[in-house]
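Okay, structure first, notes after.
Being a predicted model, the structure only gives us computed values, none of them experimental.
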Amino acid sequence: MTAPRRPVRTPREVFADHGARLGSGDLDALSLNYAEDAVFVTPHGVLTGREGVKQGIGRLLADLPDAEWQLRERFAGDVLFLEWTATTPTHEVLDGVDTFVFRDGLITAQTVRYTLAPRTR
């Protein structure tokens with residue numbers, strides 16, 4: 001008996017689900033949007049697999065607790081370029097850029113670039 005196949009989702013569907021799960025804070029559920037062999041490249045190094053994804057996203061959220069986020073997305077086929085800013089009471093990111101690569105309804109690679117700076121008044 002074979003396992004039932006899950007439907008293949010479009011990159012937009014995966015990203016919408018990604019945002020909903022990110023908002024919940026459930027990193028285990030969030031990591032299910034990534035392929036088992038996903039590569040996650042952050043300013044702190046390269047992480048692999050779903051466990052690496054959880055570590056990378058967890059670190060980003062720890063850097064920016066209670067942030068106010070602004071996002072601008074641009075899809076190009078199976079690639080998403082996400083430009084973002086984030087502001088906390090003490091820090092800000094004005095130059096955040098993520099690139100997501102999708103395959104077969106999952107994220108197979110993500111690069112994250114940002115500079116965390118003290119917030120100026």
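Between Asp78 and Arg103 there is no salt bridge, since none of the side-chain N atoms of the basic residue sits less than 4.0 Å from a carboxylate O of the acidic one. With respect to the salt-bridge test (charged N to carboxylate O, under 4.0 angstrom), the residues Arg21 and Asp26 do not qualify. Classification of Arg113 and Asp95 as a salt-bridged pair holds, one side-chain N sitting under 4.0 Å from a carboxylate O.
Phe102 places a side-chain heavy atom less than 4.5 Å from the side chain of Leu80. Side chains of Glu83 and Arg72 form a contact here, defined as non-hydrogen atoms less than 4.5 Å apart. When side chains are defined from C-beta on, Val14 does not count as touching Leu106, because their heavy atoms never get closer than 4.5 Å. With contacts defined as side-chain heavy-atom distances shorter than 4.5 Å, the pair Phe100/His18 qualifies. Residues Val93 and His91 are not in side-chain contact: their nearest non-hydrogen atoms beyond the backbone lie 4.5 Å or more apart. Contact of the Thr90 side chain with the Arg119 side chain is not registered, since no non-hydrogen atoms from C-beta on lie closer than 4.5 Å. Counting heavy atoms from C-beta on, the side chains of Arg9 and Asn33 come closer than 4.5 Å. His44 places a side-chain heavy atom less than 4.5 Å from the side chain of Asp63.
Contact between Pro11 and Gly77 at its shortest, heavy atoms only, is CG-O, 4.0 Å. In plain terms, the two heavy atoms of Gly56 and Phe40 that are nearest each other are CA-CE2, 3.5 Å. Across Thr108 and Ala35, no two heavy atoms sit closer than the pair CG2-CB, 4.2 Å.
No side-chain N or O of Tyr114 forms a donor-acceptor pair with one of Asp98 less than 3.5 Å apart.
Rounded to the nearest 0.5 angstrom, Leu94 CG and Thr115 OG1 are separated by 9.0 Å. Remark: Gln55 CD to Ser31 OG distance equals 11.5 Å, nearest 0.5 Å. Going from atom OG1 of Thr42 over to atom CG of Leu60 covers 9.0 Å, rounded to the nearest 0.5 Å. To the nearest 0.5 angstrom, Ile57 atom CD1 is 5.5 Å from Gln110 atom CD. Summarising the geometry, atom CD belonging to Glu51 is positioned 7.0 Å from atom CG belonging to Asp28; distances are rounded to the nearest 0.5 Å.
Not one N or O on the side chain of Thr88 forms a donor-acceptor pair closer than 3.5 Å with the backbone of Leu64.
Remark: Glu68 CD is loosely packed, at most 12 non-hydrogen atoms of other residues, nucleotides or ligands lying under 6.0 Å away. Within 6.0 Å of atom CD in Gln70, 12 or fewer heavy atoms from other residues, nucleotides or ligands are found, so the atom counts as exposed in its surroundings.
There is a path of hydrophobic side-chain contacts, each under 4.5 Å, that joins Leu116 to Trp69. Hydrophobic clustering (ILVMFWY, side-chain heavy atoms < 4.5 Å, transitive): Val101 and Leu82 are in distinct clusters. Both Leu61 and Leu47 sit in one connected hydrophobic cluster of ILVMFWY residues. Membership requires side-chain heavy atoms under 4.5 Å apart, directly or through other members. Linking Ile, Leu, Val, Met, Phe, Trp and Tyr residues whenever their side-chain heavy atoms come within less than 4.5 Å leaves Leu32 and Ile107 in two separate clusters.
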Original post:
Do Thr48 and Val53 pass the side chain to side chain contact (heavy atoms under 4.5 Å, CB included) test, and can you show the C-alpha distance, the side-chain angles, and the key distance before you say yes or no?
Top reply: CA-CA 7 Å; Thr48 58; Val53 167; over 6 Å; no
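Hydrophobic clustering, defined by side-chain heavy atoms of Ile, Leu, Val, Met, Phe, Trp and Tyr closer than 4.5 Å, groups Val46 together with Val39, Val41.
Classified by interplanar angle (parallel below 30°, tilted 30° to 60°, perpendicular above 60°), the ring pair Phe15/Phe75 is perpendicular.
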